[in-house]
Amino acid sequence: MSLPPRAGKLRRMSPEEIEAHCMALPGTTRVVQWGGSHVYKVGGKVFAIYAGRRDGVTVKCADAETAEFLIEIGAAVRAPHLPRGGWISVTADAEALDERLQVSYETVRAGLPKAAREALE
């Protein structure tokens, strides 16, 4: 599955930039799993997946409605292996992807138990 092409010249985030952004967030760990995908976690919970293909980066939206909206306007597609719970795959310019990664991290972090959240501060 690939994302629809976007008009205009966008500066895409490189794999190194994705890694740097994710790893700069407090408490982030990275594992390589699921066929070589780079999986970024906070408190042991996934917040971003980069498979190294043109499928984009899989992230969690703050809610299912936002995910549906982004899919409807063509800014994202349903995450191939996470069809529920507000997960999407996005290929976007660096600024938009930066924001989506941040929202995903904050959404997953907010769902952690209080003690786990406090341990990250």
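For reference, positions follow the sequence shown, starting with 1.
- Contacts of E106 classified as side chain to side chain donor-acceptor pair (under 3.5 Å), with partners at least two apart in sequence or in another chain: Q102.
- The NE2 atom of H38 sits 8.5 Å away from the OH atom of Y50 when rounded to the nearest 0.5 Å.
- Inter-residue side-chain proximity for V39 and R30 is flagged as unmet; no heavy-atom pair is nearer than 4.5 Å.
- In the displayed structure, E95 atom CD is contacted under 6.0 Å by at most 12 heavy atoms of other residues, nucleotides or ligands.
- Shown here are the ring pair (Phe, Tyr, Trp, His ring centres under 6.0 Å) partners of Y40, two or more places apart in sequence or in another chain: there are none.
- In terms of the salt bridge (charged side-chain N to carboxylate O under 4.0 Å, His left out) criterion, E99 has no residue partners (sequence neighbours excluded).
- Remark: T29 pairs with no residue by the side chain to side chain donor-acceptor pair (under 3.5 Å) rule, at least two apart or across chains.
- With S104 contributing its side chain and V59 its backbone, the two residues share no donor-acceptor pair below 3.5 Å.
- One distance of note links CG of L97 with CG of L101; it measures 4.5 Å at 0.5 Å rounding.
- Counting heavy atoms from C-beta outward, V77 and I71 have side chains that stay 4.5 Å or more apart.
- T58 contributes no side-chain N or O that, together with a main-chain N or O of S89, makes up a donor-acceptor pair within less than 3.5 Å.
- A continuous path of ILVMFWY side-chain contacts below 4.5 Å connects I73 to V57, so both sit in one hydrophobic cluster.
- Not counting sequence neighbours, R100 has no partner by the side chain to side chain donor-acceptor pair (under 3.5 Å) test.
- Here C22 contributes atom SG and I49 contributes atom CD1; the two are 11.0 Å apart, rounded to the nearest 0.5 Å.
- Annotation: side chain of V103 is not in contact with side chain of F47 (no heavy-atom distance under 4.5 Å).
- Within the model, atoms OG1 of T28 and CD of E19 stand 10.5 Å from one another, a figure rounded to the nearest 0.5 Å.
- For the atom pair L70 CG and C61 SG, the distance stands at 5.0 Å (nearest 0.5 Å).
- Remark: the backbone N or O of S14 is paired with a side-chain donor or acceptor of E17 at under 3.5 angstrom.
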Discussion item. With side chain to side chain contact (heavy atoms under 4.5 Å, CB included) as the criterion, how do F69 and D63 come out once you've worked through the C-alpha distance, each side chain's angles and the decisive distance to 0.1 Å?
Written reply: CA-CA 10 Å; F69 174 75; D63 54 62; over 6 Å; no
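- Between V90 and A76, the shortest heavy-atom contact is CG1-CB, 3.5 Å.
- A distance of 15.5 Å separates CD of E16 from NE2 of H21, quoted to the nearest 0.5 Å.
- In this structure the side chain of R78 never reaches within 4.5 angstrom of the side chain of I88, judged on heavy atoms.
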N/O donor to acceptor pairs below 3.5 angstrom from side-chain atoms of residues 111-118, sequence neighbours left out:
unit_1: R117; atom_1: NH1; unit_2: L112; atom_2: O; d: 2.4

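- No side-chain donor-acceptor contact under 3.5 Å links Y105 to the backbone of A48.
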